Enquirer: 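Below: one structure in structure tokens.
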Amino acid sequence: MSPLNRRRLQNFRANRRAWHSLWIFSALLIASLLAEFIANDRPIVFSLGGELHFPVFFTYSEAELGGELETEAWYRDPFVMNLIEADGWAIWPPIPFSYNTIDWGMRDLPAAPDAVHILGTDGGATDLFAKVLYGFRLSVLFGLSLTLMSSFIGVLVGAVQGYFGGMTDLLGQRLVEIWEGLPILFVLIILASVVEPNVFWLLGILALFSWMALVGVVRAEFLRARNFEFVRAAQSLGVSNLTIMRRHVLPNATVAALTYLPFILTGAITVLTFLDFLGFGLPYDSPSLGRLLSAAKANLQAPWIGITVFVTLALLLTLVIFVGEGVRDALDPRRAIGLGGGTPAEPVQLQAGQ
């Protein structure tokens, strides 16, 4: 690791609020990625006739377990459970419900938190903890995917505008302004009435409208860097424009672009939640936090639903924002290593060679 990157890492770690937020966010993300092992209506592993089976990864029919039906086994069926217990054993997740598992034994819905459903249930008798766990994963992975896609497009457009300048930059800026003014919500409403939304469809549509955030900063960095002496020298030697942009100019712009990524991520998560709440996002059966917000609105007599979703969203967005602030301060060459929990230090003069 270069001395500059080592100092940046020290700056980030010195920001205790950002550093602790990164660890908490990472722990929650890992837990959500392992959601099938924490909350699921299938056993993690079971033994039948001395042979191990892994329902988390594979699908087994009831006939393979000794039953009669050729359809997928429903492991909460007492008949299937007796088949396993008669000639084997099973290890279940701590929460024996997935995000779409209906607890048919519930009477009063939505049900308040108890020993079985630690966060209660919604109006459809599905476990709220499982929905939040799967919804957290869906929101973060969707947000990360959208951030990467939009960042790629934004960096590409900004790089072309800034490096070539002139009419390319002028026309590019006008097109960006026109594209930025399109009413994305109306476009989504129209498309949702024509095409059934899914994850990939929604990712593609949102990526077409969310890449403008990085264009300005990348364009400015390329406009500044294209006049550097080493860039002029590379052009004089006949080095291709693509090579110069990728090897000599892009690294300078990457530092500035990285400071925006956590904030683009929060925007992506917020947009997904907003669209799902309005009913123009992911399919209805998706474990979405926006769908849970809609369920909370429809069940005001069950405050635990709204409180749970609000706390989850607030915690998620706050952690990402704190991490983003830490990244921004760590990459800022005018700031020294901070000594407080997230409070930036006073600007310092950097000596030559640092």
Side-chain angles (χ1 to χ4, degrees), residues 21-22 24-40 98-100 122 126-155 182 184-185 187-192 195-214 257-258 260-296 305 308-324 327:
S21 297
L22 177 61
I24 296 173
F25 175 78
S26 301
L28 293 176
L29 178 58
I30 292 174
S32 67
L33 292 176
L34 300 176
E36 283 79 7
F37 297 91
I38 299 175
N40 204 344
S98 185
Y99 69 89
N100 56 357
D122 60 7
T126 54
D127 187 76
L128 197 57
F129 178 87
K131 280 203 166 185
V132 168
L133 183 64
Y134 284 86
F136 184 96
R137 179 175 68 182
L138 177 63
S139 296
V140 174
L141 293 182
F142 184 93
L144 289 174
S145 301
L146 182 58
T147 300
L148 292 177
M149 293 172 63
S150 59
S151 299
F152 175 80
I153 300 174
V155 169
L182 293 177
I184 178 174
L185 180 58
V187 173
L188 286 172
I189 292 175
I190 294 173
L191 293 177
V195 182
E196 182 178 357
N198 56 54
V199 174
F200 302 104
W201 178 89
L202 194 60
L203 264 177
I205 294 298
L206 291 179
L208 292 177
F209 291 92
S210 59
W211 52 267
M212 283 82 74
L214 284 178
L258 284 175
Y260 282 80
L261 296 188
F263 304 102
I264 296 177
L265 175 59
T266 59
I269 294 173
T270 304
V271 167
L272 175 65
T273 304
F274 173 73
L275 291 175
D276 286 339
F277 176 77
L278 294 179
F280 300 113
L282 299 175
Y284 185 79
D285 57 349
S286 301
S288 166
L289 296 179
R291 296 291 184 187
L292 277 179
L293 275 180
S294 181
I305 302 178
T308 299
V309 182
F310 173 79
V311 170
T312 302
L313 280 172
L315 177 62
L316 172 58
L317 297 177
T318 301
L319 291 175
V320 176
I321 290 174
F322 284 168
V323 172
V327 172

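Throughout, numbering of the chain's residues begins at 1 and tracks the sequence. Because the structure is a prediction, the values reported are computed rather than measured. Below, each value reflects all heavy atoms present in this structure, side chains not excepted, and no hydrogens, waters or symmetry copies.
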Enquirer: With rounding to the nearest 0.5 angstrom, report the CG to CD1 distance, Leu319 to Ile24.
Expert: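 Rounded to the nearest 0.5 Å, the CG-CD1 separation comes out at 6.0 Å.
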Enquirer: Could you tell me whether Tyr260 atom OH has more than 12 heavy atoms of other residues or ligands within 6.0 Å of it?
Expert: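 Count not over threshold, so no.
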Enquirer: Does Ser286 form a side-chain contact (heavy atoms from CB on, under 4.5 Å) with Asp276? I'd like the steps, not just the answer.
Expert: CA-CA 9 Å; Ser286 301; Asp276 286 339; over 6 Å; no
Enquirer: Quick one: does Leu292's side chain get under 4.5 Å of Thr312's, heavy atoms only?
Expert: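 In short, these two side chains do not touch, never coming nearer than 4.5 Å.
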Enquirer: Compare every heavy atom of Ala35 with every heavy atom of Arg137, then report the nearest pair and how far apart it is.
Expert: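 Heavy atoms only, the tightest pair is NH1-CB, 4.1 Å.
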Enquirer: For residues Leu275 and Leu202, report the shortest heavy-atom separation together with the two atoms involved.
Expert: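 The pair with the smallest heavy-atom distance is CD1-CD1, 4.2 Å.
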Enquirer: Measuring only between side-chain heavy atoms, which start at C-beta, is Leu272 closer than 4.5 Å to Leu206?
Expert: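 No - every pair of side-chain heavy atoms lies 4.5 Å or more apart.
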Enquirer: Looking only at heavy atoms, what is the nearest atom pair of Leu133 and Ala39, with distance?
Expert: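 Scanning both residues, the minimum pair turns out to be CD2-CB, 4.2 Å.
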Enquirer: Are any side-chain N or O atoms of Ser288 and backbone N or O atoms of Gly290, one a donor and one an acceptor, separated by less than 3.5 Å?
Expert: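 It does hold such a pair.
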Enquirer: Would you say Ile269 and Leu265 make side-chain contact, with heavy atoms under 4.5 Å?
Expert: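 Yes. Closest side-chain heavy atoms under 4.5 Å.
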Enquirer: Please name the pair of heavy atoms, one in Lys131 and one in Tyr99, separated by the smallest distance, quoted to 0.1 Å.
Expert: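 In this case the closest contact between Lys131 and Tyr99 is CE-O, 3.2 Å.
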Enquirer: Give me the atom names and distance for the closest heavy-atom approach of Leu146 to Ser210.
Expert: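 For Leu146 and Ser210, the tightest heavy-atom pair comes out as CD1-OG, 3.6 Å.
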Enquirer: Considering only heavy atoms from C-beta outward, does the side chain of Val327 approach that of Leu261 to under 4.5 Å?
Expert: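 In short, these two side chains do not touch, never coming nearer than 4.5 Å.
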Enquirer: Of all the heavy-atom pairs spanning Leu289 and Ser139, show the shortest one and how long it is.
Expert: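 Shortest heavy-atom contact: CD1-OG, 3.6 Å.
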Enquirer: OG1/Thr147 to CZ/Phe142 distance, rounded to the nearest 0.5 angstrom?
Expert: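 Output value for this atom pair is 9.5 Å.
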Enquirer: So how far is it from Ile153 CD1 to Leu148 CG, rounded to the nearest 0.5 Å?
Expert: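 If I round to the nearest 0.5 Å, the distance is 11.5 Å.
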Enquirer: Is the side chain of Arg291 donor-acceptor paired with the backbone N or O of Gly135 at a distance under 3.5 Å, no angle test?
Expert: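 Flag not set: sc Arg291 to bb Gly135 has no pair under 3.5 Å.
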Enquirer: Atom CG in Leu214, atom CE in Met212: separation rounded to 0.5 Å?
Expert: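 These two atoms lie 11.0 Å from each other.
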Enquirer: Could you walk me through whether Asn100 and Asp285 satisfy the side-chain contact (heavy atoms from CB on, under 4.5 Å) test, starting with their C-alpha distance in whole Å, then the side-chain angles of each, then the deciding distance to 0.1 Å, before giving a yes or no?
Expert: CA-CA 8 Å; Asn100 56 357; Asp285 57 349; over 6 Å; no
Enquirer: Thr318 side chain to Leu315 main-chain N or O, any donor-acceptor pair under 3.5 Å?
Expert: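 No.
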Enquirer: Got a second to check how far Phe129's CZ is from Asp127's CG, nearest 0.5 Å?
Expert: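 CG of Asp127 is found 8.0 Å from CZ of Phe129.
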Enquirer: Within this structure, what is the OG1-CG distance for the pair Thr266 and Leu313, rounded to the nearest 0.5 Å?
Expert: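 The distance works out to 12.0 Å.
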Enquirer: When you compare the side chain of Val140 with that of Phe136, does any pair of heavy atoms fall below 4.5 Å?
Expert: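 Side chain of Phe136 against side chain of Val140, heavy atoms only: contact under 4.5 Å found.
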Enquirer: For residues Leu141 and Leu33, determine if any side-chain heavy atom of one lies less than 4.5 Å from a side-chain heavy atom of the other.
Expert: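 Counting from C-beta outward, Leu141 and Leu33 do come under 4.5 Å.
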Enquirer: If you apply the rule side-chain contact (heavy atoms from CB on, under 4.5 Å), what do you find for Leu34 with Ile30, and how did you get there?
Expert: CA-CA 6 Å; Leu34 300 176; Ile30 292 174; 4.2 Å; yes
